[in-house]
Amino acid sequence: MTKNWNISETHFLSCDWGTTSFRLKLAHRSTGRIETALEDGPGIQDTGHRLKELAKAQDREAWFLQQLQKQIQQLETMTGTKLGDLPLVLSGMASSSIGLRELPYGTLPMDLSAPKLPVEPIVWPDILPNPILLVSGLQSAGNDVMRGEETALIGIDSLYPGNSLCILPGTHSKHAVIENGKLIQFRTFMTGEIFDLLGKHSILRNSISRASGSHDPEVFRKGVSTSLDKPLLHSLFTIRAENLLKGRSGSDGYSFLSGLLIGSELQELYKSPPDRVFVSGNGSLQALYSTALKELSVKHTVLQPDKDLVAEGQTVLLNRFLERLE
């Protein structure tokens with residue numbers, strides 16, 4: 001097994017394979033710095049569906065490794081360099097029941113500087129020359145789970161050590177508590193998924209327009225403030241009622257719904273703000289959460305998107321694994 005891992009390599013391949021997303025990056029092993037990125041591949045869910053659609057039976061692991069190999073070949077074309085000797089660290093849903101190989105969840109608390117996170121080396125050179133370090137996820141005390149975010153949290157602690165509440169916005173947003181260098185608690189909020197379901201499959205779909213692709217800041221902030229003192233289920237219906245009775249535009253409905261749901265997610269922080277709050281992510285979603293926290297008067301720090309937190313966390317995991325091989 002050890003002969004397949006080139007410990008002297010200065011770079012590695014960072015792969016974050018989510019349910020609906022795929023990110024493959026060439027990263028520096030000592031710094032986590034990203035040199036080239038490929039971010040438009042199919043997610044785990046679609047990759048698994050394509051396997052089921054095949055007429056002939058095929059080994060599940062072999063299928064996922066073949067898809068990884070295709071993406072690595074694209075990255076080789078982008079870099080003009082052969083990448084077959086580099087280790088590949090694979091986080092996210094690849095270690096789930098719908099992924100390449102299911103691994104058990106790790107448990108809390110977890111020391112983020114020396115994480116005892118379940119990982120499994122995979123070497124299958126007939127299909128993929130790159131040795132893989134498959135990273136599992138975490139579970140809380142029986143009622144919450146994450147796969148992928150734990151690696152970003154290792155990266156956050158590496159770059160910004162100290163006690164904090166870390167907010168990782170997304171389809172299933174995570175709020176993670178770090179104390180004394182340990183991840184001690186996290187909770188998941190289905191904010192993004194509920195927004196998508198309501199906007200596409202509820203009566204509100206007729207009162208919401210996504211055409212603009214942007215939010216009206218004033219209407220968004222009104223949605224956030226409404227979440228503090230009005231019942232959520234009634235406030236949702238007012239979007240439809242005001243569209244019918246007052247002519248509220250679909251773009252305003254879109255912004256108000258977003259503010260209402262994100263405000264509902266964050267309202268506990270308004271009641272009892274932590275001493276230090278980090279907002280991760282990038283782009284417009286990170287900005288929306290920052291706007292909502294400002295509306296709620298919660299002091300926070302927006303983590304700059306020039307730092308790839310997953311790659312930073314994967315650097316810690318890879319180096320710990322390779323140290324054990326030496």
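- A pairwise comparison of heavy atoms in A37 and I34 identifies CB-CG2, 4.3 Å as the closest pair.
- Counting non-hydrogen atoms of other residues, nucleotides and ligands closer than 6.0 Å to OH of Y105 gives a total above 12.
- Counting heavy atoms from C-beta outward, Y289 and S173 have side chains that approach closer than 4.5 Å.
- For Y254 and F220, the ring centers are positioned 6.0 Å apart or more.
- Here the straight-line distance linking atom OG of S202 with atom CG of D196 works out to 10.5 Å at 0.5 Å rounding.
- One finds the CD atom of Q66 at 9.5 Å from the CG atom of L51 (value rounded to the nearest 0.5 Å).
- Side chains of H175 and E265: a donor-acceptor N/O pair is present below 3.5 angstrom, by distance only.
- Remark: D275 CG is loosely packed, at most 12 non-hydrogen atoms of other residues, nucleotides or ligands lying under 6.0 Å away.
- Side-chain heavy atoms closer than 4.5 Å link hydrophobic residues (I, L, V, M, F, W, Y) into clusters, and following such links, even through other members, never connects V224 to F195.
- Looking only at distances, no side-chain donor or acceptor of E150 sits under 3.5 Å from a matching main-chain atom of V135.
- Counting heavy atoms from C-beta on, the side chains of R33 and E35 come closer than 4.5 Å.
- L108 and I167 fall into different hydrophobic clusters, where Ile, Leu, Val, Met, Phe, Trp and Tyr are joined by side-chain heavy atoms under 4.5 Å apart, directly or via other members.
- The line from CG of L168 to CZ of F189 is 12.0 Å long, rounded to the nearest 0.5 Å.
- One N or O on the side chain of T315 and one on the backbone of A311 form a donor-acceptor pair closer than 3.5 Å.
- Between the side chains of Y160 and T301, no donor N or O sits under 3.5 Å from an acceptor N or O.
- Here the closest non-hydrogen pair linking I178 and C166 is CD1-SG, 3.8 Å.
- K25 contributes atom NZ, which lies 11.5 Å from atom OG1 of T36 (distance to the nearest 0.5 angstrom).
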Worked check of side chain to side chain contact (heavy atoms under 4.5 Å, CB included) between R205 and L197 = CA-CA 9 Å; R205 71 186 186 278; L197 288 171; over 6 Å; no
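- Between N206 atom CG and R240 atom CZ the span is 5.0 Å, to the nearest 0.5 Å.
- Atom CD of Q69 and atom CH2 of W124 lie 13.5 Å apart (nearest 0.5 Å).
- Contact check for Q267 versus L296: no side-chain heavy atoms found under the 4.5 Å cut-off.
- Distance alone, capped at 3.5 Å, is enough to place a donor-acceptor pair between the Q286 side chain and the G281 backbone.
- Heavy atoms only, all atoms of each residue included: G199 and I208 are closest at CA-CD1, 4.3 Å.
- Looking at every heavy atom in both residues, C15 comes nearest to F22 through SG-CE1, 3.5 Å.
- Between M93 and I98 the shortest side-chain heavy-atom distance falls below 4.5 Å.
- Looking only at atom types and distance, the side chain of S136 has a donor-acceptor partner in the side chain of R147 under 3.5 Å away.
- Side-chain contact between F256 and D216: absent, with no pair of heavy atoms (C-beta onward) separated by less than 4.5 Å.
- Judged by distance alone, the side chains of R29 and N319 do bring a donor and an acceptor atom under 3.5 Å apart.
- Side chain of S272 to main chain of L269: no donor-acceptor pair is present (N/O by atom type, distance under 3.5 Å, no hydrogens or angles).
- Residue N163 comes nearest to E179 through the heavy atom pair OD1-CA, 3.3 Å, listed as atom of the first residue, atom of the second, then distance.
- Judged by distance alone, with hydrogens and angles left aside, the side-chain atoms of W63 form a donor-acceptor pair with the main-chain N or O of T47 at under 3.5 Å.
- Linking Ile, Leu, Val, Met, Phe, Trp and Tyr whenever their side-chain heavy atoms come within less than 4.5 Å puts L153 and L318 in one cluster.
- Between the side chain of W17 and the main chain of L24, no donor-acceptor pair closer than 3.5 Å is present.
- A side chain to side chain donor-acceptor pair (under 3.5 Å) with H215 is found for one member of S284, S258, S251, S255 and no other, namely S258.
- The backbone N or O of V219 sits nowhere less than 3.5 Å from a side-chain atom of D252 that would complete a donor-acceptor pair.
- No chain of hydrophobic side-chain contacts below 4.5 Å, direct or via other Ile, Leu, Val, Met, Phe, Trp or Tyr residues, connects F237 to L260.
- L266 and M190 fall into different hydrophobic clusters, where Ile, Leu, Val, Met, Phe, Trp and Tyr side chains are chained together by heavy-atom contacts under 4.5 Å.
- Applying the 6.0 Å contact sphere to CD of E39 captures more than 12 heavy atoms from other residues, nucleotides or ligands.
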Chi angles and distances behind the side chain to side chain contact (heavy atoms under 4.5 Å, CB included) call for V177, L165 = CA-CA 5 Å; V177 178; L165 171 73; 3.9 Å; yes
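- Checked by atom type and distance alone, the side chain of T291 pairs as donor or acceptor with a backbone atom of A287 at under 3.5 Å.
- Taking 4.5 Å as the limit, some side-chain heavy atom of L128 sits within range of a side-chain heavy atom of I72.
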Test side chain to side chain contact (heavy atoms under 4.5 Å, CB included) on L68 and L90 and set out the steps.
-> CA-CA 10 Å; L68 271 176; L90 181 55; 4.1 Å; yes
Checking side chain to side chain contact (heavy atoms under 4.5 Å, CB included) for the pair Q139/T107: CA distance, chi angles, key distance, verdict?
-> CA-CA 5 Å; Q139 67 179 50; T107 56; 4.2 Å; yes
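- L134 approaches L103 most closely through the heavy-atom pair O-CD1, 3.6 Å.
- Side chain of T77 to main chain of Q73: a donor-acceptor pair is present (N/O by atom type, distance under 3.5 Å, no hydrogens or angles).
- T20 is not listed as a side-chain neighbour of D46, based on a closest heavy-atom distance of 4.5 Å or more.
- Inter-residue side-chain proximity for F321 and V89 is flagged as unmet; no heavy-atom pair is nearer than 4.5 Å.
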